[in-house]
A.B. asks: 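Below you will find the structure I want to go over with you.
Just so you know, ligand 1 is whichever comes first in the structure, and atom 1 is the first atom listed for that ligand.
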Amino acid sequence: MTSHTLNELIAEGVRGRYILVRSDLNVPLDGSTVTDDGRIKASLPVLKKLSDAGARVLVTAHLGRPKGAPEEKYSLKPAADRLAELADFSVQLAKDTVGASAKELASGLQDGNVLVLENVRFDARETSKDDAERGAFADELVALTGDNGAFVDDAFGAVHRKHASVYDVATRLPSYLGDLVHTEVEVLRKLTTDTQRPYVVVLGGSKVSDKLAVINNLLGKADTILVGGGMLFTFLAAAGHKVAGSLLEEDQIPVVQDYLNRAADAGTSFVVPTDVVVASRFAADADHEVVRADAIEESTFGASGIGLDIGPETASAFAAHIEGAKTVFWNGPMGVFEFEAFSSGTRAIAQALTDTVAFTVVGGGDSAAAVRTLGFDDSQFGHISTGGGASLEYLEGKELPGLSVLDR
Ligand SMILES: Nc1ncnc2c1ncn2[C@@H]1O[C@H](COP(=O)(O)OP(=O)(O)O)[C@@H](O)[C@H]1O
Ligand SMILES: O=C(OP(=O)(O)O)[C@H](O)COP(=O)(O)O
């Protein structure tokens with residue numbers, strides 16, 4: 001990559017200039033409480049560097065996946081409040097993204113102050129597939145920076161998204177690579193150029209179709225793919241098993257069948273769970289039991305049972321693969337770790353990663369949150385990436401819009 005760096009921008013001089021920064025502040029919340037502030041802490045250094053240099057910083061970010069209109073539960077307020085607590089500079093939050101509040105607060109911004117704009121996904125144009133629509137939104141974001149603005153992309157977790165605040169603003173302003181994105185890419189680049197084998201990839205989480213898409217290019221790259229989390233049920237269904245009320249993306253079954261058919265020739269083996277924890281309902285205090293993965297509907301809860309974690313036999317099998325690996329990449333919790341009763345699988349995988357001599361990378365907002373909330377420390381892993389989908393797409397060798405747009 002030959003992008004301009006943040007240090008180059010600082011050297012050009014930013015005092016008094018409006019600098020638009022895309023950060024990834026997509027943090028897990030419990031009501032209005034941030035349950036893991038890893039992404040906020042990771043975003044802080046770039047904001048501080050710009051603030052210290054006298055820039056007037058406008059931060060764009062998303063939270064969750066609102067449907068293109070404001071929704072209070074997706075407000076960036078909890079994230080902005082936490083950022084303000086951690087920062088030694090002024091942080092304000094606009095009530096909108098490019099509306100009256102954003103304009104008024106931006107125009108009153110002093111040198112060194114930071115203004116967070118409300119969730120960019122409250123505007124449907126942010127994620128539109130239509131270039132003109134995204135462009136129009138990008139124009140409005142850029143207009144907030146006046147006539148001497150610049151753009152810094154520091155949202156590693158969103159570099160795989162061709163969205164207005166990631167991609168289109170960079171085609172309109174002098175643009176620079178943020179330090180977080182730079183560091184993340186350096187680590188992942190080393191992993192792809194000098195992969196020590198066996199290379200084991202552990203996949204889970206709930207963004208099933210996003211992550212299934214990535215497997216296509218991991219075939220032949222990874223030696224073993226351990227399948228947990230929400231996506232395991234699509235694998236079980238592809239093998240002809242019933243999964244009761246578990247998370248299932250039926251339209252993805254043929255995709256998974258194709259992967260399973262091609263795996264052996266590609267030199268990649270899939271390890272699919274042999275047992276799962278099935279619950280009576282999606283709740284922390286739900287009744288639950290361990291059943292064979294091919295007999296989920298035979299649990300006490302019948303067709304209404306929901307698989308919320310991998311079982312102990314699967315966790316041990318996964319741990320053995322991780323123990324024998326030289327490189328491990330993990331994205332996506334093995335189960336609904338937010339509920340103690342369904343956190344064992346995720347805990348077992350985190351433990352296995354800390355025990356192995358392999359180089360380990362954990363990627364993803366919720367995966368990083370999981371290892372921290374389960375009591376592990378960042379220092380126990382080779383690298384904790386702020387991006388799950390982004391790091392997976394980087395590892396599969398795909399061109400990432402948020403990075404390629406910064407290339408000179
Ligand atoms: N079996 C399951 N059913 C439903 N949700 C699950 C299951 N296993 C894991 N999850 C959920 O997946 C979420 C994280 O998924 P995802 O966003 O894809 O991960 P990351 O942010 O690490 O990339 C967690 O909130 C977890 O509760
Ligand atoms: O949480 C994120 O990605 P991740 O769950 O893959 O780590 C990023 O903030 C991107 O969010 P998105 O997947 O809704 O575009």
A.B. asks: Considering only protein heavy atoms, which is closest to atom 8 (C) of ligand 2, and at what distance to one decimal place?
C.D. replies: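 Answer, as residue, atom name and distance: Gly157 O, 3.4 Å.
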
A.B. asks: Considering Gly204, Gly389, Gly335, which one's heavy-atom position lies nearest to atom 9 (C) of ligand 1?
C.D. replies: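 Considering heavy atoms of Gly204, Gly389, Gly335, the nearest to atom 9 (C) of ligand 1 sits in Gly335.
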
A.B. asks: So does Arg292 pair up with Glu313, basic N to acidic O under 4.0 Å?
C.D. replies: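 Yes, this pair counts.
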
A.B. asks: Any idea which of Val278, Asp366, Leu248, Leu308 brings a heavy atom closest to atom 14 (C) of ligand 1?
C.D. replies: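 It is Asp366 that holds the nearest heavy atom.
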
A.B. asks: Using heavy-atom distances, let me know which of Gly363, Ser246, Ala279, Gly307 sits nearest atom 3 (N) of ligand 1.
C.D. replies: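 Closest candidate by heavy-atom distance is Gly307.
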
A.B. asks: So is Phe233 touching ligand 1 or not, going by heavy atoms under 4.0 Å?
C.D. replies: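 Per 4.0 Å heavy-atom rule, Phe233 contacts ligand 1.
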
A.B. asks: Quick one: look up the protein heavy atom nearest atom 11 (O) of ligand 2 and list residue, atom name and how far away it is.
C.D. replies: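 Residue, atom and distance for the closest contact: His62 NE2, 3.1 Å.
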
A.B. asks: Give me the ring orientation class for Tyr259 and Phe270: parallel if the planes are under 30° apart, tilted from 30 to 60°, perpendicular past 60°.
C.D. replies: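 Parallel: the ring planes of Tyr259 and Phe270 meet at under 30°.
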
A.B. asks: Please determine whether a side-chain nitrogen of the Lys or Arg among Arg161 and Asp210 lies less than 4.0 Å from a carboxylate oxygen of the Asp or Glu.
C.D. replies: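 Salt bridge flag = yes for Asp210 with Arg161.
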
A.B. asks: Within a distance under 4.0 Å of any heavy atom of Gly365, pick out the atoms of ligand 2 and give their elements.
C.D. replies: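 Within the 4.0 Å cut-off of Gly365, ligand 2 contributes 7 (O).
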
A.B. asks: Looking only at protein heavy atoms, which one is nearest to atom 5 (O) of ligand 2, and how far off is it?
C.D. replies: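 Looking only at protein heavy atoms, the one closest to atom 5 (O) of ligand 2 is Lys207 NZ, 2.7 Å.
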
A.B. asks: Side chain or backbone of Arg39 under 4.0 Å from ligand 2, or both, or neither, by non-hydrogen atoms?
C.D. replies: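 Under 4.0 Å from ligand 2, Arg39 contributes side-chain atoms alone.
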
A.B. asks: Charged N to carboxylate O under 4.0 angstrom, Asp168 versus Arg134?
C.D. replies: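 Salt bridge flag = yes for Arg134 with Asp168.
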
A.B. asks: Under 4.0 Å, heavy atoms only, figure out whether ligand 2 is touched by the backbone of Arg121, its side chain, both or neither.
C.D. replies: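 Only the side chain of Arg121 comes within reach of ligand 2.
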
A.B. asks: I need the contact type for Ile306 against ligand 1. Using non-hydrogen atoms and a strict under-4.0 Å cut-off, is it side chain, backbone, both or neither?
C.D. replies: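 Neither part.
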
A.B. asks: Can you sort out which atoms of ligand 1 are near Lys211, meaning under 4.0 Å from one of its heavy atoms?
C.D. replies: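 Near Lys211, meaning under 4.0 Å from one of its heavy atoms, ligand 1 has 16 (P), 18 (O), 19 (O), 20 (P), 23 (O).
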
A.B. asks: In ligand 2, which numbered atoms sit nearer than 4.0 Å to a non-hydrogen atom of Gly364?
C.D. replies: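 Near Gly364, the atoms of ligand 2 are 7 (O).
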
A.B. asks: If the cut-off is 4.0 Å to any non-hydrogen atom of Arg161, which atoms of ligand 2 fall inside it?
C.D. replies: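 Answer, ordered by atom number: 12 (P), 13 (O), 15 (O).
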
A.B. asks: Are any of the side-chain nitrogens in Glu340 or Arg347 under 4.0 Å away from the carboxylate oxygens of its partner?
C.D. replies: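 The answer is yes: the pair qualifies as a salt bridge.
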
A.B. asks: Atoms of ligand 2 less than 4.0 Å from Gly389 heavy atoms?
C.D. replies: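 Those of ligand 2 that fall under 4.0 Å from Gly389 are 4 (P), 6 (O).
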
